[in-house]
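Report on the following structure.
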Amino acid sequence: MTDPTAALVDVSGLETHFPIRRGFLRSVVGHVRAVDGVSFRIPRGRTLGLVGESGCGKTTVGRSILRLVEPTAGSVCFDGHDIRRESAAELRGLRRRMQIVFQDPYGSLNPRLTVRTILEEGLLIHRLGDGPGRLRRMTAALDRTGMPVAALNRYPHEFSGGQRQRIAIARALVLEPDFLVLDEPISALDVSIQAQVVNLLVELRRELGLTYLFISHDLSIVEYISDEVAVMYLGQIVEHAPAVALYAAPLHPYTHALFSAIPSVEPARRRGRILLPGDVPSPANPPRGCRFHPRCPLAETVCRTEDPPAIEIDGHRVSCHVAARALASCDPATASKQIAVALAAVGSAPG
(Lines give C-alpha, C1' and ligand atoms only; values in the text may rest on other atoms or scores of the structure.)
Protein backbone atom coordinates (compact mmCIF):
# COMPACT_ATOMS: atom_id res chain seq x y z
CA MET A 1 0.00 0.00 0.00
CA THR A 2 1.28 3.48 -0.88
CA ASP A 3 2.17 5.67 2.09
CA PRO A 4 0.00 8.83 1.78
CA THR A 5 2.62 10.83 3.67
CA ALA A 6 5.45 9.83 1.33
CA ALA A 7 6.94 12.44 -0.94
CA LEU A 8 5.35 12.52 -4.36
CA VAL A 9 8.08 14.90 -5.57
CA ASP A 10 11.65 14.55 -4.27
CA VAL A 11 14.21 17.00 -5.65
CA SER A 12 17.86 16.58 -4.67
CA GLY A 13 20.82 18.74 -5.68
CA LEU A 14 19.02 20.16 -8.70
CA GLU A 15 21.18 22.34 -10.93
CA THR A 16 20.18 24.09 -14.14
CA HIS A 17 22.90 26.13 -15.83
CA PHE A 18 22.59 27.99 -19.12
CA PRO A 19 25.70 28.44 -21.29
CA ILE A 20 26.99 31.91 -22.14
CA ARG A 21 28.27 31.95 -25.73
CA ARG A 22 30.41 34.63 -27.36
CA GLY A 23 32.46 35.21 -30.44
CA PHE A 24 32.12 34.12 -34.04
CA LEU A 25 32.27 30.43 -33.12
CA ARG A 26 29.80 30.91 -30.26
CA SER A 27 32.20 29.37 -27.79
CA VAL A 28 31.00 28.76 -24.24
CA VAL A 29 32.72 31.26 -21.94
CA GLY A 30 30.67 30.70 -18.81
CA HIS A 31 27.32 29.65 -17.39
CA VAL A 32 24.33 31.34 -15.81
CA ARG A 33 23.74 29.31 -12.67
CA ALA A 34 19.97 29.80 -12.58
CA VAL A 35 19.41 26.89 -10.19
CA ASP A 36 22.40 25.77 -8.19
CA GLY A 37 21.86 22.93 -5.75
CA VAL A 38 18.17 22.99 -4.82
CA SER A 39 16.65 20.20 -2.72
CA PHE A 40 13.14 19.72 -1.31
CA ARG A 41 10.35 17.16 -0.92
CA ILE A 42 6.59 17.61 -1.44
CA PRO A 43 4.35 15.00 0.24
CA ARG A 44 1.18 13.88 -1.52
CA GLY A 45 -1.69 16.30 -1.25
CA ARG A 46 0.49 19.11 0.10
CA THR A 47 1.54 22.50 -1.25
CA LEU A 48 5.08 23.88 -1.24
CA GLY A 49 5.30 27.62 -1.78
CA LEU A 50 8.46 28.83 -3.52
CA VAL A 51 9.20 32.54 -3.03
CA GLY A 52 11.96 35.03 -3.77
CA GLU A 53 12.79 38.08 -5.85
CA SER A 54 12.37 38.09 -9.63
CA GLY A 55 15.30 36.32 -11.26
CA CYS A 56 16.14 34.10 -8.29
CA GLY A 57 15.38 30.90 -10.25
CA LYS A 58 11.85 30.00 -9.07
CA THR A 59 10.37 29.47 -12.53
CA THR A 60 13.44 27.55 -13.70
CA VAL A 61 13.00 25.15 -10.76
CA GLY A 62 9.41 24.46 -11.79
CA ARG A 63 10.25 23.92 -15.43
CA SER A 64 13.30 21.78 -14.60
CA ILE A 65 11.14 19.46 -12.49
CA LEU A 66 8.93 18.82 -15.53
CA ARG A 67 11.94 18.73 -17.89
CA LEU A 68 10.55 21.61 -19.91
CA VAL A 69 14.06 22.88 -19.24
CA GLU A 70 16.76 20.20 -19.15
CA PRO A 71 18.50 20.07 -15.74
CA THR A 72 22.29 20.10 -15.62
CA ALA A 73 22.70 17.92 -12.53
CA GLY A 74 20.83 16.45 -9.58
CA SER A 75 17.80 14.19 -9.40
CA VAL A 76 14.06 14.76 -9.65
CA CYS A 77 12.02 11.80 -8.44
CA PHE A 78 8.30 11.76 -9.14
CA ASP A 79 6.44 8.93 -7.41
CA GLY A 80 9.65 6.92 -7.30
CA HIS A 81 10.67 7.62 -10.92
CA ASP A 82 13.81 9.66 -11.60
CA ILE A 83 12.57 11.70 -14.53
CA ARG A 84 16.13 12.57 -15.62
CA ARG A 85 16.74 8.88 -16.35
CA GLU A 86 13.41 8.06 -18.00
CA SER A 87 13.20 7.33 -21.71
CA ALA A 88 11.02 9.46 -23.98
CA ALA A 89 8.22 6.86 -23.88
CA GLU A 90 8.36 6.54 -20.10
CA LEU A 91 8.49 10.28 -19.67
CA ARG A 92 5.37 10.73 -21.81
CA GLY A 93 3.42 8.52 -19.43
CA LEU A 94 4.63 10.47 -16.42
CA ARG A 95 3.92 13.84 -18.02
CA ARG A 96 0.20 13.12 -18.01
CA ARG A 97 0.45 13.10 -14.21
CA MET A 98 2.56 16.30 -14.03
CA GLN A 99 1.08 19.50 -15.43
CA ILE A 100 1.86 23.22 -15.31
CA VAL A 101 -0.25 26.37 -15.18
CA PHE A 102 1.69 29.30 -16.60
CA GLN A 103 1.80 32.88 -15.36
CA ASP A 104 0.25 34.64 -18.34
CA PRO A 105 -3.20 33.38 -19.40
CA TYR A 106 -3.00 35.67 -22.44
CA GLY A 107 0.15 34.04 -23.80
CA SER A 108 -0.34 30.43 -22.69
CA LEU A 109 -3.52 29.82 -24.72
CA ASN A 110 -3.26 29.66 -28.51
CA PRO A 111 -5.55 32.43 -29.84
CA ARG A 112 -6.15 30.51 -33.09
CA LEU A 113 -7.69 27.50 -31.32
CA THR A 114 -11.09 27.08 -29.72
CA VAL A 115 -11.25 26.09 -26.06
CA ARG A 116 -12.36 22.62 -27.13
CA THR A 117 -9.25 22.14 -29.26
CA ILE A 118 -7.03 23.49 -26.49
CA LEU A 119 -8.47 21.09 -23.90
CA GLU A 120 -8.62 18.12 -26.26
CA GLU A 121 -5.02 18.38 -27.42
CA GLY A 122 -3.56 16.64 -24.38
CA LEU A 123 -6.18 13.92 -24.47
CA LEU A 124 -5.34 13.16 -28.10
CA ILE A 125 -1.59 13.12 -27.41
CA HIS A 126 -2.04 10.66 -24.55
CA ARG A 127 -4.77 8.71 -26.38
CA LEU A 128 -7.26 9.05 -23.55
CA GLY A 129 -10.84 8.13 -24.40
CA ASP A 130 -12.94 8.18 -27.54
CA GLY A 131 -14.90 11.23 -28.76
CA PRO A 132 -17.72 11.08 -26.20
CA GLY A 133 -15.25 10.16 -23.45
CA ARG A 134 -13.03 13.14 -24.24
CA LEU A 135 -16.07 15.42 -24.24
CA ARG A 136 -17.08 14.17 -20.79
CA ARG A 137 -13.56 14.85 -19.47
CA MET A 138 -13.51 18.36 -20.95
CA THR A 139 -16.99 19.16 -19.63
CA ALA A 140 -16.04 17.95 -16.15
CA ALA A 141 -12.82 20.00 -16.16
CA LEU A 142 -14.66 23.17 -17.16
CA ASP A 143 -17.33 22.53 -14.55
CA ARG A 144 -14.72 22.13 -11.81
CA THR A 145 -13.18 25.47 -12.72
CA GLY A 146 -16.51 27.29 -12.86
CA MET A 147 -16.69 27.67 -16.64
CA PRO A 148 -19.80 26.89 -18.74
CA VAL A 149 -19.84 24.09 -21.30
CA ALA A 150 -20.65 26.71 -23.96
CA ALA A 151 -17.05 27.93 -23.60
CA LEU A 152 -15.87 24.93 -25.64
CA ASN A 153 -16.85 26.60 -28.92
CA ARG A 154 -15.34 30.01 -28.15
CA TYR A 155 -11.83 31.45 -28.54
CA PRO A 156 -9.54 32.70 -25.75
CA HIS A 157 -9.88 36.37 -26.73
CA GLU A 158 -13.58 36.20 -25.90
CA PHE A 159 -12.85 35.72 -22.20
CA SER A 160 -11.54 37.90 -19.38
CA GLY A 161 -8.15 37.29 -17.79
CA GLY A 162 -9.62 35.38 -14.87
CA GLN A 163 -11.69 33.20 -17.18
CA ARG A 164 -8.65 32.46 -19.33
CA GLN A 165 -6.71 31.34 -16.29
CA ARG A 166 -9.62 29.06 -15.33
CA ILE A 167 -9.41 27.57 -18.83
CA ALA A 168 -5.67 27.08 -18.40
CA ILE A 169 -6.34 25.27 -15.11
CA ALA A 170 -9.00 23.15 -16.83
CA ARG A 171 -6.47 22.23 -19.52
CA ALA A 172 -4.21 20.85 -16.79
CA LEU A 173 -7.05 19.09 -14.95
CA VAL A 174 -8.47 17.35 -18.02
CA LEU A 175 -5.59 14.85 -17.89
CA GLU A 176 -6.36 14.06 -14.23
CA PRO A 177 -2.84 14.80 -12.97
CA ASP A 178 -1.40 14.21 -9.49
CA PHE A 179 0.99 17.17 -9.43
CA LEU A 180 0.67 20.76 -10.64
CA VAL A 181 3.38 23.38 -11.00
CA LEU A 182 1.62 26.72 -10.53
CA ASP A 183 3.98 29.32 -11.94
CA GLU A 184 2.72 32.65 -10.54
CA PRO A 185 -0.83 31.78 -11.65
CA ILE A 186 -2.44 34.97 -10.29
CA SER A 187 0.19 37.67 -10.87
CA ALA A 188 -1.26 38.70 -14.25
CA LEU A 189 -4.81 38.98 -12.90
CA ASP A 190 -6.72 41.87 -11.35
CA VAL A 191 -6.63 41.93 -7.56
CA SER A 192 -10.40 41.40 -7.45
CA ILE A 193 -10.00 38.13 -9.40
CA GLN A 194 -6.91 36.79 -7.62
CA ALA A 195 -8.78 35.64 -4.51
CA GLN A 196 -11.30 33.74 -6.63
CA VAL A 197 -8.60 31.82 -8.48
CA VAL A 198 -6.65 31.05 -5.30
CA ASN A 199 -9.79 29.76 -3.56
CA LEU A 200 -10.48 27.63 -6.64
CA LEU A 201 -7.00 26.10 -6.39
CA VAL A 202 -7.48 25.37 -2.68
CA GLU A 203 -10.82 23.71 -3.39
CA LEU A 204 -9.39 21.62 -6.23
CA ARG A 205 -6.53 20.41 -4.07
CA ARG A 206 -8.96 19.33 -1.35
CA GLU A 207 -11.40 17.60 -3.72
CA LEU A 208 -8.89 15.90 -6.03
CA GLY A 209 -5.99 15.30 -3.64
CA LEU A 210 -3.62 17.31 -5.83
CA THR A 211 -0.03 18.19 -4.94
CA TYR A 212 1.18 21.72 -5.75
CA LEU A 213 4.42 23.58 -6.25
CA PHE A 214 3.11 27.15 -5.91
CA ILE A 215 5.61 29.69 -7.29
CA SER A 216 4.88 33.30 -6.41
CA HIS A 217 6.27 36.59 -5.18
CA ASP A 218 3.01 37.44 -3.40
CA LEU A 219 3.94 36.45 0.14
CA SER A 220 0.45 36.91 1.57
CA ILE A 221 -1.05 34.47 -0.94
CA VAL A 222 1.78 31.99 -0.35
CA GLU A 223 1.07 32.06 3.40
CA TYR A 224 -2.61 31.33 2.74
CA ILE A 225 -2.23 28.45 0.28
CA SER A 226 1.00 26.70 1.34
CA ASP A 227 1.77 23.98 3.87
CA GLU A 228 5.50 24.64 3.61
CA VAL A 229 7.47 27.55 2.15
CA ALA A 230 10.95 27.62 0.62
CA VAL A 231 12.77 30.94 0.16
CA MET A 232 15.13 31.23 -2.83
CA TYR A 233 17.97 33.65 -3.39
CA LEU A 234 20.30 33.59 -6.40
CA GLY A 235 19.59 29.99 -7.37
CA GLN A 236 19.63 28.47 -3.90
CA ILE A 237 17.12 27.81 -1.13
CA VAL A 238 18.22 29.78 1.93
CA GLU A 239 15.32 28.89 4.24
CA HIS A 240 12.63 26.20 4.25
CA ALA A 241 10.00 25.57 6.92
CA PRO A 242 6.33 24.92 7.58
CA ALA A 243 4.43 28.04 6.57
CA VAL A 244 3.17 28.79 10.09
CA ALA A 245 6.68 28.52 11.57
CA LEU A 246 8.34 30.54 8.83
CA TYR A 247 5.92 33.46 8.95
CA ALA A 248 5.94 33.50 12.75
CA ALA A 249 9.73 33.31 13.17
CA PRO A 250 11.86 33.78 10.02
CA LEU A 251 15.56 33.19 10.61
CA HIS A 252 17.43 34.27 7.48
CA PRO A 253 18.05 38.03 7.13
CA TYR A 254 16.83 37.82 3.52
CA THR A 255 13.53 36.28 4.65
CA HIS A 256 13.15 39.07 7.21
CA ALA A 257 13.66 41.61 4.41
CA LEU A 258 11.07 39.92 2.18
CA PHE A 259 8.49 39.72 4.95
CA SER A 260 9.04 43.36 5.90
CA ALA A 261 7.58 44.31 2.50
CA ILE A 262 4.23 42.56 3.15
CA PRO A 263 1.52 45.21 3.57
CA SER A 264 -0.90 44.65 6.44
CA VAL A 265 -3.90 46.44 7.89
CA GLU A 266 -3.19 44.83 11.26
CA PRO A 267 -0.80 47.00 13.32
CA ALA A 268 0.47 43.95 15.22
CA ARG A 269 1.67 42.33 11.98
CA ARG A 270 3.40 45.35 10.49
CA ARG A 271 7.19 45.15 10.35
CA GLY A 272 9.76 47.88 10.01
CA ARG A 273 10.76 48.04 6.33
CA ILE A 274 14.22 46.57 5.76
CA LEU A 275 15.94 48.24 2.81
CA LEU A 276 18.63 46.07 1.28
CA PRO A 277 21.61 47.88 -0.28
CA GLY A 278 22.86 47.21 -3.80
CA ASP A 279 21.50 44.89 -6.45
CA VAL A 280 21.20 41.14 -6.75
CA PRO A 281 24.56 39.76 -7.99
CA SER A 282 24.74 38.12 -11.39
CA PRO A 283 23.98 34.37 -11.39
CA ALA A 284 26.77 34.09 -13.98
CA ASN A 285 29.26 35.16 -11.31
CA PRO A 286 27.80 34.48 -7.84
CA PRO A 287 29.79 35.79 -4.88
CA ARG A 288 31.98 33.53 -2.81
CA GLY A 289 30.70 32.31 0.55
CA CYS A 290 27.11 33.23 1.38
CA ARG A 291 25.52 34.56 -1.79
CA PHE A 292 23.51 37.09 0.19
CA HIS A 293 26.48 38.66 1.99
CA PRO A 294 26.99 41.63 -0.42
CA ARG A 295 23.52 42.91 0.55
CA CYS A 296 23.19 41.54 4.08
CA PRO A 297 23.26 44.20 6.83
CA LEU A 298 24.50 41.56 9.31
CA ALA A 299 27.24 40.03 7.14
CA GLU A 300 30.41 38.98 8.96
CA THR A 301 33.86 38.03 7.71
CA VAL A 302 32.99 34.32 7.65
CA CYS A 303 29.99 35.09 5.42
CA ARG A 304 32.34 36.40 2.73
CA THR A 305 34.58 33.35 2.66
CA GLU A 306 32.65 30.21 3.66
CA ASP A 307 29.40 28.65 2.49
CA PRO A 308 26.83 28.88 5.30
CA PRO A 309 25.93 25.66 7.14
CA ALA A 310 22.44 24.19 6.80
CA ILE A 311 20.86 24.08 10.26
CA GLU A 312 17.55 22.26 10.83
CA ILE A 313 15.39 22.41 13.97
CA ASP A 314 11.90 20.87 14.03
CA GLY A 315 11.63 20.95 10.24
CA HIS A 316 12.82 24.58 10.02
CA ARG A 317 15.96 24.64 7.88
CA VAL A 318 18.11 27.71 7.30
CA SER A 319 21.49 28.29 5.65
CA CYS A 320 23.05 31.30 7.38
CA HIS A 321 26.10 31.88 9.59
CA VAL A 322 24.31 34.54 11.65
CA ALA A 323 21.25 32.35 12.23
CA ALA A 324 23.44 29.35 13.08
CA ARG A 325 25.21 31.31 15.79
CA ALA A 326 21.90 32.55 17.22
CA LEU A 327 20.39 29.04 17.19
CA ALA A 328 23.38 27.68 19.10
CA SER A 329 22.17 29.45 22.26
CA CYS A 330 18.38 29.75 21.93
CA ASP A 331 15.23 28.44 20.27
CA PRO A 332 14.10 29.52 16.76
CA ALA A 333 11.51 32.05 18.02
CA THR A 334 14.05 33.83 20.23
CA ALA A 335 16.71 33.65 17.49
CA SER A 336 14.27 35.24 15.04
CA LYS A 337 13.62 38.12 17.44
CA GLN A 338 17.35 38.66 17.97
CA ILE A 339 17.96 38.82 14.22
CA ALA A 340 15.00 41.19 13.76
CA VAL A 341 16.35 43.51 16.47
CA ALA A 342 19.83 43.44 14.91
CA LEU A 343 18.40 44.29 11.47
CA ALA A 344 16.37 47.16 12.92
CA ALA A 345 19.47 48.50 14.67
CA VAL A 346 21.51 48.72 11.48
CA GLY A 347 18.79 50.57 9.59
CA SER A 348 15.22 50.21 8.41
CA ALA A 349 12.43 52.41 7.19
CA PRO A 350 9.14 52.97 9.05
CA GLY A 351 6.38 50.50 8.18
Side-chain angles (χ1 to χ4, degrees), residues 7 10-14 35-43 48-53 56-57 219 222-223 226-262 268-278 280-281 286-348 351:
D10 192 342
V11 178
S12 179
L14 180 66
V35 178
D36 205 19
V38 164
S39 300
F40 57 78
R41 302 170 78 247
I42 312 179
L48 173 66
L50 191 59
V51 303
E53 293 172 287
C56 70
L219 299 170
V222 169
E223 180 183 16
S226 303
D227 298 296
E228 296 185 1
V229 178
V231 181
M232 280 194 74
Y233 184 79
L234 206 62
Q236 297 182 338
I237 291 178
V238 297
E239 189 165 7
H240 183 170
V244 173
L246 185 68
Y247 280 78
L251 291 170
H252 200 284
Y254 177 63
T255 310
H256 276 276
L258 285 180
F259 286 1
S260 75
I262 302 176
R269 299 196 65 180
R270 292 176 187 166
R271 308 170 189 252
R273 187 76 163 90
I274 300 171
L275 303 177
L276 298 176
V280 179
R288 184 184 175 191
C290 174
R291 297 190 173 186
F292 185 57
H293 86 255
R295 305 176 69 201
C296 181
L298 306 182
E300 303 170 350
T301 301
V302 66
C303 302
R304 299 177 176 87
T305 57
E306 298 181 15
D307 291 338
I311 307 296
E312 183 169 348
I313 299 178
D314 297 330
H316 193 149
R317 187 169 66 251
V318 61
S319 298
C320 175
H321 291 287
V322 175
R325 190 179 70 251
L327 289 169
S329 58
C330 58
D331 61 274
T334 304
S336 177
K337 291 179 182 178
Q338 290 180 355
I339 293 170
V341 169
L343 287 168
V346 296
S348 63

In Å, rounded to the nearest 0.5 Å, how long is the span from [atom1] of [X] to [atom2] of [Y]?
{"X": "Ser260", "Y": "Leu276", "atom1": "OG", "atom2": "CG", "value": "7.5 Å"}
{"X": "Leu251", "Y": "Ser319", "atom1": "CG", "atom2": "OG", "value": "11.0 Å"}
{"X": "Glu306", "Y": "Arg288", "atom1": "CD", "atom2": "CZ", "value": "8.5 Å"}
{"X": "Glu239", "Y": "Thr255", "atom1": "CD", "atom2": "OG1", "value": "4.0 Å"}
{"X": "Ser39", "Y": "Ile237", "atom1": "OG", "atom2": "CD1", "value": "7.5 Å"}
{"X": "His256", "Y": "Ile339", "atom1": "NE2", "atom2": "CD1", "value": "5.0 Å"}

Mind checking whether [X] and [Y] have side chains closer than 4.5 Å, heavy atoms only?
{"X": "Arg295", "Y": "Tyr233", "result": "yes"}
{"X": "Val244", "Y": "Pro242", "result": "no"}
{"X": "Ile262", "Y": "Tyr247", "result": "yes"}
{"X": "Val318", "Y": "Leu327", "result": "yes"}
{"X": "Pro286", "Y": "Pro281", "result": "no"}
{"X": "Glu53", "Y": "Val280", "result": "yes"}

Quick one: closest heavy-atom pair of [X] and [Y], and the distance?
{"X": "Val11", "Y": "Val38", "answer": "CG1-O, 3.5 Å"}
{"X": "Ala243", "Y": "Val229", "answer": "CB-CG2, 3.9 Å"}
{"X": "Ala7", "Y": "Arg41", "answer": "CB-NH2, 3.4 Å"}
{"X": "Leu246", "Y": "Ala241", "answer": "CB-CB, 4.0 Å"}
{"X": "Pro287", "Y": "Cys290", "answer": "CG-O, 4.4 Å"}
{"X": "Pro253", "Y": "Leu298", "answer": "CG-CD1, 4.3 Å"}

His316 side-chain N/O to Ile313 backbone N/O, donor-acceptor pair under 3.5 Å: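 Side chain of His316 to backbone of Ile313, a donor-acceptor pair under 3.5 Å: no, none is there.
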
Side-chain (Ser226) to main-chain (Val222) donor-acceptor, under 3.5 angstrom: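 Side chain of Ser226 to backbone of Val222: a pair is present.
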
Val51 and Met232: CA distance, side-chain angles, deciding distance, side chain to side chain contact (heavy atoms under 4.5 Å, CB included) verdict: CA-CA 6 Å; Val51 303; Met232 280 194 74; over 6 Å; no

Salt-bridge present (Arg291, Asp36; N to O < 4.0 Å):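 Judged by the 4.0 Å cut-off on N to carboxylate O distance, Arg291 and Asp36 do form a salt bridge.
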
Check: His240/Glu228 side-chain N/O donor and acceptor closer than 3.5 Å: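 Checked: His240/Glu228 side chains pair up, N/O donor to acceptor below 3.5 Å.
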
Ring centroid separation His252 to Phe292 under 6.0 Å: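 Ring centroids of His252 and Phe292 are less than 6.0 Å from each other.
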
Residue pair Leu48, Asp227: steps toward the side chain to side chain contact (heavy atoms under 4.5 Å, CB included) verdict: CA-CA 6 Å; Leu48 173 66; Asp227 298 296; over 6 Å; no

Trace of the side chain to side chain contact (heavy atoms under 4.5 Å, CB included) decision for Gln338 with Thr334: CA-CA 6 Å; Gln338 290 180 355; Thr334 304; 3.9 Å; yes

Worked check of side chain to side chain contact (heavy atoms under 4.5 Å, CB included) between His293 and Glu300: CA-CA 8 Å; His293 86 255; Glu300 303 170 350; over 6 Å; no

